[in-house]
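Each remark here refers to the structure printed beneath this line.
Quick caveat: nothing in here was measured; it's all calculated off a predicted structure. Chain naming here is simple, since letters A, B, ... match the order of the sequence lines and numbering starts at 1 in each.
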2 protein chains.
Amino acid sequence: MRPLKHFLTLADSLHFGRASEACHVSPSTLSRSIRQLEENLGAKLFERDNRHVALTRQGETFQAYAREALEQWEQLRLSLQSEALHLTGEISVYCSVTASYSFLYALLSEFRIHHPGIELKLHTGDPAEAMARVLAGEEDMAITPRPRRTPEALAFKSLTRAPLVFIAPQQAAAWMPSTPESPSTEQWCEVPMILSEAGLSREFADTWFKALGVTPRIYAQVAGHEAIVSMVGLGFGIGVVPKIVLDNSPLQERVRVLPVKPELPHYDVGLCVLERRLKSPLIRALWDEVIER
Amino acid sequence: MRPLKHFLTLADSLHFGRASEACHVSPSTLSRSIRQLEENLGAKLFERDNRHVALTRQGETFQAYAREALEQWEQLRLSLQSEALHLTGEISVYCSVTASYSFLYALLSEFRIHHPGIELKLHTGDPAEAMARVLAGEEDMAITPRPRRTPEALAFKSLTRAPLVFIAPQQAAAWMPSTPESPSTEQWCEVPMILSEAGLSREFADTWFKALGVTPRIYAQVAGHEAIVSMVGLGFGIGVVPKIVLDNSPLQERVRVLPVKPELPHYDVGLCVLERRLKSPLIRALWDEVIER
DNA sequence: CCCTGCCATTGCGTAAAACGCGATATTTGC
DNA sequence: GCAAATATCGCGTTTTACGCAATGGCAGGG
């Protein structure tokens with residue numbers, strides 16, 4: 001950039017002495033600076049002898065270029081610096097539909113007010129996939145149940161405790177357990193179950209059945225808890241879902257919670273992110289906005 | 001420019017080792033190059049740790065800029081270099097109308113074919129002013145009579161010898177000298193003369209009259225020889241002009257050459273230019289195209 | 001769970017380049 | 001012809017850039 005400034009100053013004054021003074025360098029430095037420019041360009045910019053300095057035709061062309069180039073550079077500089085202060089960029093967040101409806105929505109609304117320059121990309125899907133997507137770098141962050149043991153590369157922050165519940169259709173059915181408060185093998189072995197394909201809710205359900213000594217009759221395996229509510233609402237069987245999914249479901253009236261004993265365990269739902277990605281100011285800003293538990 | 005190339009290479013490969021190899025520098029040099037860019041811009045361009053490299057949002061902005069800037073620079077370089085080969089620019093030439101009609105026209109036509117990139121600005125006017133305009137730097141070159149002594153700063157190249165002639169109107173007039181071949185004081189002291197305001201032709205005419213022992217009766221002093229032909233053609237008096245002006249005049253039929261004895265001296269007409277301006281390839285090209293005498 | 005390979009960065013000694021001072025050559029104005 | 005002006009060059013010094021080797025930290029595998 002500096003040779004360009006030197007050139008422009010000289011092109012204005014057409015006098016090495018005065019131009020060098022204006023640039024705060026010695027005349028010899030300015031002379032060399034111009035000569036170097038000319039060598040790099042392969043063209044004479046000034047027609048000069050010991051007494052006269054004049055722009056060549058090519059010098060005029062270069063003058064227009066130099067002015068524009070310097071302005072563009074300065075403009076970019078300012079633009080990037082203001083961006084750096086404003087903290088702009090893009091963060092992708094993966095979560096379930098339910099999470100996007102409930103507490104995450106409130107969180108992100110607030111975040112957007114504090115950092116209007118940061119764009120949020122919200123991807124919804126099965127929470128069981130959440131952690132894998134973050135580990136693979138496909139998403140910056142995810143809402144996910146806390147796993148039994150957290151991978152080392154991952155940072156996790158609890159947001160809420162989510163009770164798991166059994167849900168059944170409102171209408172009667174032959175396979176409906178009559179006394180869910182005290183379950184028996186006979187009552188549950190023929191019940192058509194609608195469970196997650198994978199994830200913690202599935203593991204907990206499996207554990208529950210194993211404790212009862214029953215191999216459940218799996219009617220359907222579903223990716224995503226929301227669809228479980230739909231299928232149960234249609235009367236296909238009994239499902240296991242986090243209570244929060246039920247609370248946010250438009251089909252809430254079509255299903256009821258079964259007061260099964262023993263109750264399924266709660267699990268932690270929280271935000272997770274790659275530890276190393278916390279060095280990014282963007283990610284950090286969102287991470288710090290979230291209050292644990 | 002080089003830091004920009006480094007940046008673009010790294011932005012493509014996102015790997016310091018491979019990028020530095022592609023740039024033929026050591027990884028440490030590339031690292032410093034990028035860091036220096038970031039310091040100058042006041043913005044982080046890459047989000048990186050010991051294991052991962054990724055463009056920031058600002059890095060993407062800068063990438064677009066860098067690509068454009070490099071392309072503009074290269075384009076300019078090529079453009080200036082081809083200009084340098086083609087020898088483009090502008091030359092201003094000052095001369096009389098007559099010169100522009102006659103040999104100068106032929107000369108410049110040829111020159112234009114050899115150097116189509118050079119634009120010629122032709123200024124016409126009184127030859128008496130020619131030398132002053134060149135010395136003042138108002139014109140690059142001029143066609144002018146060779147003065148008695150050439151200023152040191154000036155280069156001069158003879159083009160042709162120009163005889164000076166007396167011209168008279170075709171129609172009769174009371175004051176017309178009856179025997180121009182042997183002039184007498186009586187014949188000439190009452191002749192209305194139409195002469196140049198200044199310049200060599202005027203000096204020669206004055207000298208001629210002085211030798212005859214006559215103070216001429218000046219009817220009109222004119223700037224530019226062409227107008228002298230016009231006035232003589234209208235019958236106002238007798239003029240002194242270079243023969244070449246007469247040869248190119250549309251009023252040639254209205255006047256006639258007086259066979260006066262002794263004849264007026266010839267003078268050299270040639271091209272003049274500031275010596276120091278001959279260092280310019282443009283000026284030099286035109287200068288070299290002209291064959292002396 | 002440690003261990004090895006990978007990789008961006010940093011310290012340091014050296015090489016290159018930039019810088020300023022004084023000298024030089026050349027030109028202009030008096 | 002002489003003196004002031006001025007772009008450029010040579011040279012010694014300072015600043016900067018470069019590569020090598022070492023460091024530290026992060027992933028993947030036995």
Distances under 3.5 Å between protein N/O atoms and the N/O atoms of nucleotides 2-6 of chain C, please, pair by pair.
from	atom 1	to	atom 2	distance (Å)
dG5(C)	N2	R51(B)	NH1	3.3
dC6(C)	O2	R51(B)	NH1	2.8

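- Shortest non-hydrogen contact noted between C272(B) and T144(B) is SG-CG2, 3.7 Å.
- Mapping R276(A) and P27(B) onto DNA chain D by nearest heavy atom places P27(B) at the nucleotide closer to the 5' end.
- Contact between R57(A) and E90(B) at its shortest, heavy atoms only, is NH2-OE1, 3.4 Å.
- Using a 4.0 Å cutoff on non-hydrogen atoms, the parts of residues 31-48 of chain B near DNA chain D are R32(B), Q36(B), ordered by number.
- Taking a 4.0 Å limit (strictly below) on heavy-atom distances, residues 18-25 of chain B reaches DNA chain D at V25(B).
- Side chain of S28(A), nearest nucleotide from dG19(D), dT8(D), dC21(C): dC21(C).
- The CG atom of L30(B) sits 12.0 Å away from the CZ atom of R35(B) when rounded to the nearest 0.5 Å.
- Shortest non-hydrogen contact noted between L70(A) and K5(A) is CD1-CG, 3.7 Å.
- The side chain of S26(A) approaches dG20(C) more closely than any other nucleotide in the set dC26(D), dG20(C), dT8(D).
- If K279(B) and L14(B) are placed on DNA chain C by their nearest nucleotide, the residue sitting closer to the 5' end is L14(B).
- In this structure, V134(A) and D140(A) approach most closely via the heavy-atom pair CG1-O, 4.3 Å.
- The aromatic rings of F7(A) and F46(A) sit tilted, their planes meeting at an angle between 30° and 60°.
- Using cut-offs of 30° and 60° on the angle between ring planes, the pair W73(B) and F62(A) is perpendicular.
- Separating the CG atom in L85(A) from the CG atom in L80(A) is a distance of 11.5 Å, to the nearest 0.5 Å.
- In this view, H52(B) and R276(A), D49(B) satisfy the side-chain contact (heavy atoms from CB on, under 4.5 Å) rule, not counting sequence neighbours.
- Between the CZ atom of F16(A) and the P atom of dT27(C) there is a distance of 16 Å, given to the nearest Å.
- Nucleotides of DNA chain D nearest to A153(A) and T29(B) differ in position, and the one nearer the 5' end is that of T29(B).
- When the side-chain hydrogen bond (donor to acceptor under 3.5 Å, both in side chains) test is applied to S201(B), the partners found at least two apart in sequence or on another chain are S196(B), H225(B).
- Taking only side-chain nitrogens and oxygens, H52(B) comes nearer than 4.0 Å to OP1 or OP2 of dA27(D).
- Atoms CG (L154(A)) and C1' (dA27(D)) sit 15 Å apart, rounded to a whole Å.
- A side-chain hydrogen bond (donor to acceptor under 3.5 Å, both in side chains) check over residues 115-132 of chain B, counting only residues at least two apart or in different chains, returns the pairs H123(B)-E139(B).
- Mapped onto DNA chain C by nearest heavy atom, E152(A) and V53(B) fall at different nucleotides, with E152(A) at the one closer to the 5' end.
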